[in-house]
Each structure stands twice: as structure tokens, then as C-alpha cells.
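One structure below.
The figures that follow rest on heavy atoms only: side chains count, while hydrogens, waters and symmetry mates do not.
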Amino acid sequence: MGDEQCQQENCSMSTRAFRSASTENTTFHARLLGTRGAIATENYLATHAGADILKAGGNAVDAAVAAVLGEGLVNPQMHTFGGECPILVRMAQSGHVEAVNGNTAAPQRATAQAYRDRGYSDVPDEGVLAAGVPAAPGALIRTLARHGRLSLAEVAAPAIELARNGFALHSGMLNQEKFGIRALEEKFRRDWPGSAALYLPDGDLPQVGQIFRNPALAATLEALVHAETRARGDRAAGLDAAYRAFYQGDIASEIARFCKERGGFLERSDLAAYETHIETPQEMNFAGTKLYKCGFWTQGPTMLQCLAMLERRNLHTLGHNSAEYLHVLIETIKLVYADREQYYGDPSQTHVPAEMLLSKEYAALRDDLIDMGKAIGDMRPGDAWEGKALLAQEKRFEVAPWGHGTVHVDVIDSEGNMVAATPSGAWIKSAEVIPALGFPLGNRLMTFYLEPENHPNRVAPFKRPRTTISPSLALRDDKPWMVFGSMGGDQQDQWQLQFYLNRVLFGMTIQEAIEAPKLSSENFPGFFAPHDRFANRVRIEPRVGEAVLQELQNLGHDIEVAMDWSEGYLLAASYDPDTGVLEAGSDPRGPKGDVFQSSAMCW
């Protein structure tokens, strides 16, 4: 608008402003586009580690492994090397999608009776009795061997350098609620000297910006690299030697010794018996896309079940984040997560009615239970054995928490190779750091049940506990399209579902879909103490608007208005095979929530 027109209309806006239009619908983070590489992680150092590997000639798998190793160092409040790491991979040449089962396994001595003999009615939620076999090392090494180009020495170099020489400690590592060093300081001093020695250097609480080093972790990674370089034969032989060095060598012996001294079940033979399984992922077609998730040992298939139900409704016409749209979404999530509690578990040791749970016929039966006039707070699993809408009350299991803490990594390279990895577990709240190795063990066994005997997630020797960690990979029109994921326990697949609908139904860019307001249901048990279930409780960001919040409340939803920018923590990368253009995005909720320094790069 010119000065003369502004004077005629008595404008008061400064003519020096660089933008006079509203910024309400623009994103906080820029839209990142490129043609050579796209990567998104929960820390800028991990992002740079992966990007450096791509620029050095590595592919998406090489970069993802480097980034995950970095995450396990710089975000220990959410994941370390002793944890788990489910991975989805699609290589451009084959077009085949595979799932890497990077989940822990229970020790041979971990039985329900063994816990009861020690006076426990549930598996403890911390310490060596909650620890299974570290799964992340195996998942990373096996994936690198199958699909990477570079050696472990090359992809581990950035993490080793950071661990050996140090990095500036960030706010989330220190200040994250419940999980950061500050929150755990007293426990470290009182109970876990190994953790205190590492995370309270010189006996003091560290400060943001202080250089933090983990020489023991550097030595652990170097031991694997040395095993690789000493091995005779080709690249595959070297990586196999590194795998065996972790699970059958001195590292395994040190883990077993540490656990035995503290009365744990984990033994050297448990690590030697552990195998990283390569699996066929679960999948679901939806509105011209195909979404892949890991198997029923994760909560990933909940998102597929939700899509099967939501496909029956014309969601786009309801309007994005309208009260009616959100009501359908919330009620769908409640029904699906009731199934999650009833049926999900390790398919290698329990029968899961997977085909029925993911069938369109079952979805229709379940969708018909939604009352558009009111919220329903009951836990209502379906009968996936008989193909009925509801399971008889006397057959329903009691419910319990699943777990918490996670990071995520997405990478796509210029060839269209795609990786989504969700490292989690062995966070510094889970157990004492093993001084000689530089990481704690995980506590994923806490999700197991001791009773009843027929529960799909009852603890058993070598069984893998069901888990929330859940990467995503999607095709569009049968072509490679997108990888994405998040942290967040129960909320992971709820947030990912909303992100996916934003992209597929409403045509949002990655960054728009990430930053749009989100919600999560608490109609089932939470992950954090006291693990209560709140019937009809919905935690929702206020940017949906007062009118929508009131309409949802009128429908019977118990609305808890969340702190803004606290529901999401998403990362994503996408690829357009027709143009070769790559896109990546990260969530401003990470730094706003004092959790992550999330970042993305595209070039």
C-alpha cells in the first residue's frame, strides 16, 4: 500500500514494516527443500553427524546409523546405547520395505515366579531387574551391514569424537522435567554412583554450555570398531565381528558382571543368544497412500487400525480440527487403544489376531460404535477372535502402563533410500550407568505383566515386551514418499496420526503438518506415575480455539487445555521421485518444551 493511499485511509501502520500481512498461518521453522539429502533428528549435533556422512558418500542408512549413535550420546535423558531401536528401511533399488526388530528381550531367568519370589507384584520400573538385552547396537549394526555402504568405523566416528572430546551440554539434557540431570541429581548421589560420576562431574551439577565428555562410551564404540578392523574378510565379516564383540565379548561380560553384582537376571548367555530379527512390516492403504509400521510388538499398528476406521468417513468435509473432526478422531483412538491393551504382544511367543485387527470388516464394526452425540469413556476392546464389535466384559484384561522416553531419526538420500529409526530406552532415569561402558541398561521389561497367565504381554524367558516406539514410512501412489516419527510414549502414534492426516487429507507441507495444534487422549493408562486412566480425558493445545474446546466439552470430553506447543515433538522427511526434491522438518515443541534441540537439514 503506497503512502498516498495510506494517508487517504488514515493508516497507522508503519511504512517501514517488512510484512503487513498476518503471520498467523506461517510456520515457526522454515520449509526446508533440497535435492541431495534430507535429515531430521532431535539434536542438531546428530543432524550434522548424519549430514556429514551423506556428504562423505554414505547413503541414508549410513547417515541414520551415525545420527542414532549421536542421539544416544547427546540426548541421554531419552535414549542411550543400551536401549532399543526399531527401524523401517526402504532401499530404492529393491523397493522393498523391511522392519528391523530392535526391541529388547527378557533374560532367561525372568519369569513371573522369579519376580514373585523376590516379593514383586509387578516388574520394577527401574534398575537391573527391569533390564533386558540391549537391542540398539544389534539393530544398528545389522541394518548397516544389510544396506549401508560405509564401515562402522566411518559412521561411528562422529559419535566417538563427540564422546571423547566433548560437546556443549544443552538445556534438555539438564532441565527436562522428570528425566534431566537436574531432576535426577539426588538419586544419582544417593543410589547410583556410576551415574553420578559421569553426569555430575567433579561432584557438581553441570550447567548449560558446559563441555560434557563420555570417554567410557567412546571406548565402547572404539572396541566395536577395533573388532571390525581386525576381522578377516569383507565388509560384512567386519560388521559381524563388531556385532559379536558386543553380544559375545568383553562388553557382554561387563554387562553380566554389573547385573550379577546388583542381583539382576541378565547373564552373558542372554546376550549371546540375542538375535536382531528382520521382519515384514504391517501396512495399510489410505487415500492413495500406503503406510508401513513395525509389528504388533510395538503400538505402531494402532495407527493402521485408526486409518482403517477413519477411511470410512469423509473427514475432509468436516474441516480441519473442527469439533466434529476431533470428536471422531478421539473416539477412534479410544477404541483402537482398547484393542492395543487387549491383544498386542510379542508375536513370536503369543498369538495376535493381526489379520482381523487390520481388516476393513473389523474396522467397520468398530467404527459403528462411535456416537457422534457424546464421548464414551469406557475401555471397549473388540472381539478380534470372533470378528465382533465388542469383547465380552469377563474376557477383558486389566490395563497397565507401557513405558516412556524416546528420540527419532529420519533420513532420505538423493537416490530415494529412506530410513525411519526410533531409538529409545536406557535413558539415564532407567538404571545406573555402567562405569566401564558409559551407558545404563534399559527398563523396558517394566511393561510386562506377571498375571494372568494368558495375557499377551506376560513376562517369559527371551520374550520381547510390547513397546510404544514406532517409526513410520509411507508411499504415495506406490512411489516413495515420506518417513516420520516422534517421541512421546502413548502419544507417539496419536500425534503421528494427526500429522499424517494433515499431510494426506489437508495437503499441508511437512512443517505445517508438524506445527498444527494437536491433542492426545488419556482414556487409557498413562506412562508416568501414578499411571492413572482418566475416562474421556483429552489433553489439547489451545490453538484449536475456544469455540472448539467448548463444543468438545459439551460432547462429554474431559478437556485439559495443555501448555501450548507441548503436544507433538514430530520429525519428518519426504521425497518427490518425479522431481527429485527432498523436504525435511522438525518440531519447535522440542526446544520450546526444554526437551530437545530438534533440527532438520536439506541441501
Side-chain angles (χ1 to χ4, degrees), residues 21-35 38 40 90 283-293 303-304 306-330 332-333 408 410 412 416 418 420 471-486 492-519 540-541 543-545 548 565 567-589 600 602:
S22 171
T23 59
E24 183 179 349
N25 294 319
T26 57
T27 58
F28 277 94
H29 287 184
R31 186 180 185 188
L32 303 180
L33 301 167
T35 57
R90 183 187 187 274
E283 63 184 62
M284 181 65 65
N285 292 314
F286 178 80
T289 70
K290 179 176 287 187
L291 181 65
Y292 293 88
K293 301 291 286 188
M303 189 169 166
L304 306 181
C306 286
L307 291 175
M309 291 174 63
L310 293 170
E311 189 179 39
R312 303 182 71 247
R313 296 175 180 269
N314 194 349
L315 293 177
H316 189 274
T317 63
L318 300 180
H320 179 255
N321 279 0
S322 67
E324 190 175 9
Y325 173 86
L326 294 178
H327 177 71
V328 171
L329 187 68
I330 294 163
T332 298
I333 288 169
H408 186 75
D410 293 311
I412 306 178
M418 308 168 70
S472 298
L473 187 152
L475 310 182
R476 184 167 60 184
D477 300 326
D478 294 320
K479 298 177 182 179
W481 182 34
M482 186 167 62
V483 284
F484 59 100
S486 68
Q492 283 186 47
D493 281 288
Q494 297 187 62
W495 293 337
Q496 290 183 48
L497 174 64
Q498 293 164 77
F499 166 83
Y500 197 65
L501 295 173
N502 290 347
R503 292 279 280 149
V504 176
L505 297 183
F506 298 99
M508 295 185 190
T509 66
I510 281 179
Q511 202 59 46
E512 289 170 339
I514 286 174
E515 295 188 18
K518 296 188 175 60
L519 59 78
I540 186 168
E541 292 179 326
R543 283 174 293 131
V544 299
V548 170
W565 300 99
E567 294 280 309
Y569 304 99
L570 287 145
L571 301 171
S574 69
Y575 174 68
D576 185 335
D578 296 326
T579 64
V581 172
L582 298 162
E583 184 171 355
S586 63
D587 203 324
R589 293 174 178 87
C602 242

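A heavy-atom distance below 4.5 Å is not found between the side chains of Cys602 and Leu33. Under the 4.5 Å side-chain criterion, counting only non-hydrogen atoms from C-beta, Met418 is not in contact with Tyr575. Inter-residue side-chain proximity for Leu570 and Ile510 is flagged as unmet; no heavy-atom pair is nearer than 4.5 Å. Leu318 has its side chain out of reach of Asn314: every pair of non-hydrogen atoms, C-beta onward, lies at least 4.5 Å apart. Contact annotation: the side chain of Arg589 never approaches that of Trp495 to less than 4.5 Å [non-hydrogen atoms, C-beta and beyond]. Residues His408 and Ser486 have side chains not in contact (no heavy-atom distance under 4.5 Å, counting atoms from C-beta outward). Counting only heavy atoms from C-beta outward, the side chains of Leu291 and Trp481 never approach each other to under 4.5 Å. Within the 4.5 Å cutoff, the side chain of Leu329 has no heavy atoms near those of the Leu315 side chain.
Side chain of Gln498 to backbone of Leu519: a donor-acceptor contact under 3.5 angstrom is found. Side-chain atoms of His29 come within 3.5 Å of backbone atoms of Ser586 as a donor-acceptor pair (strictly under, hydrogens ignored). Checked by atom type and distance alone, the side chain of Glu283 never pairs as donor or acceptor with a backbone atom of Tyr292 at under 3.5 Å.
Here NZ of Lys290 is found 13.5 Å from CG of Leu307. Values are rounded to the nearest 0.5 Å. Summarising the geometry, atom CE belonging to Met309 is positioned 13.5 Å from atom CG belonging to Leu304; distances are rounded to the nearest 0.5 Å. Distance check, rounded to the nearest 0.5 Å: CD1 of Ile514 to CZ of Phe484 gives 10.5 Å. Going from atom CZ of Arg503 over to atom OG1 of Thr289 covers 11.0 Å, rounded to the nearest 0.5 Å. Between Leu501 atom CG and Met508 atom CE the span is 10.0 Å, to the nearest 0.5 Å. Atom-to-atom distance recorded for Leu497:CG and Thr332:OG1 is 8.5 Å, nearest 0.5 angstrom.
Of the candidates Thr26, Thr27, Asn25, Thr23 forms a side-chain contact (heavy atoms from CB on, under 4.5 Å) with just one, namely Thr26.
Taking the six-membered ring where the residue is Trp, Phe28 and Trp565 present perpendicular rings, their angle passing 60° and hence far from 30°.
Shortest non-hydrogen contact noted between Asp587 and Gly568 is OD2-C, 3.5 Å. Nearest heavy atoms, Gln511 versus Pro588: NE2-CD, 4.0 Å. Contact record, Val504 with Ala287: CG1-CB, 3.7 Å, taken as the closest heavy-atom pair. Contact detail for Gly485 and Asp410: the closest heavy-atom pair is N-OD2, 3.9 Å. Heavy atoms only, all atoms of each residue included: Ala40 and Gly585 are closest at CB-O, 3.6 Å. Nearest heavy-atom pair, Val544 versus Pro517, reported as atom, atom and distance to 0.1 Å: CG1-CB, 3.8 Å.
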Pair up each side-chain donor or acceptor in residues 471-479 with any protein partner under 3.5 Å, not counting sequence neighbours, and list the distances.
| unit_1 | atom_1 | unit_2 | atom_2 | d |
| --- | --- | --- | --- | --- |
| Ser472 | OG | Lys293 | NZ | 2.6 |
| Ser472 | OG | Gln496 | OE1 | 2.5 |
| Lys479 | NZ | Asp578 | OD1 | 3.1 |

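For the side chain to side chain donor-acceptor pair (under 3.5 Å) condition, the pairs that include at least one residue of residues 317-326, sequence neighbours left out, are His320-Asn502.
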**OP:** May I have the step-by-step check of salt bridge (charged side-chain N to carboxylate O under 4.0 Å, His left out) for Glu583 and Arg31, ending in yes or no?
**Re:** CA-CA 8 Å; Glu583 184 171 355; Arg31 186 180 185 188; 2.9 Å; yes
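Residues satisfying the salt bridge (charged side-chain N to carboxylate O under 4.0 Å, His left out) criterion with Glu311, sequence neighbours excluded, are Lys360.
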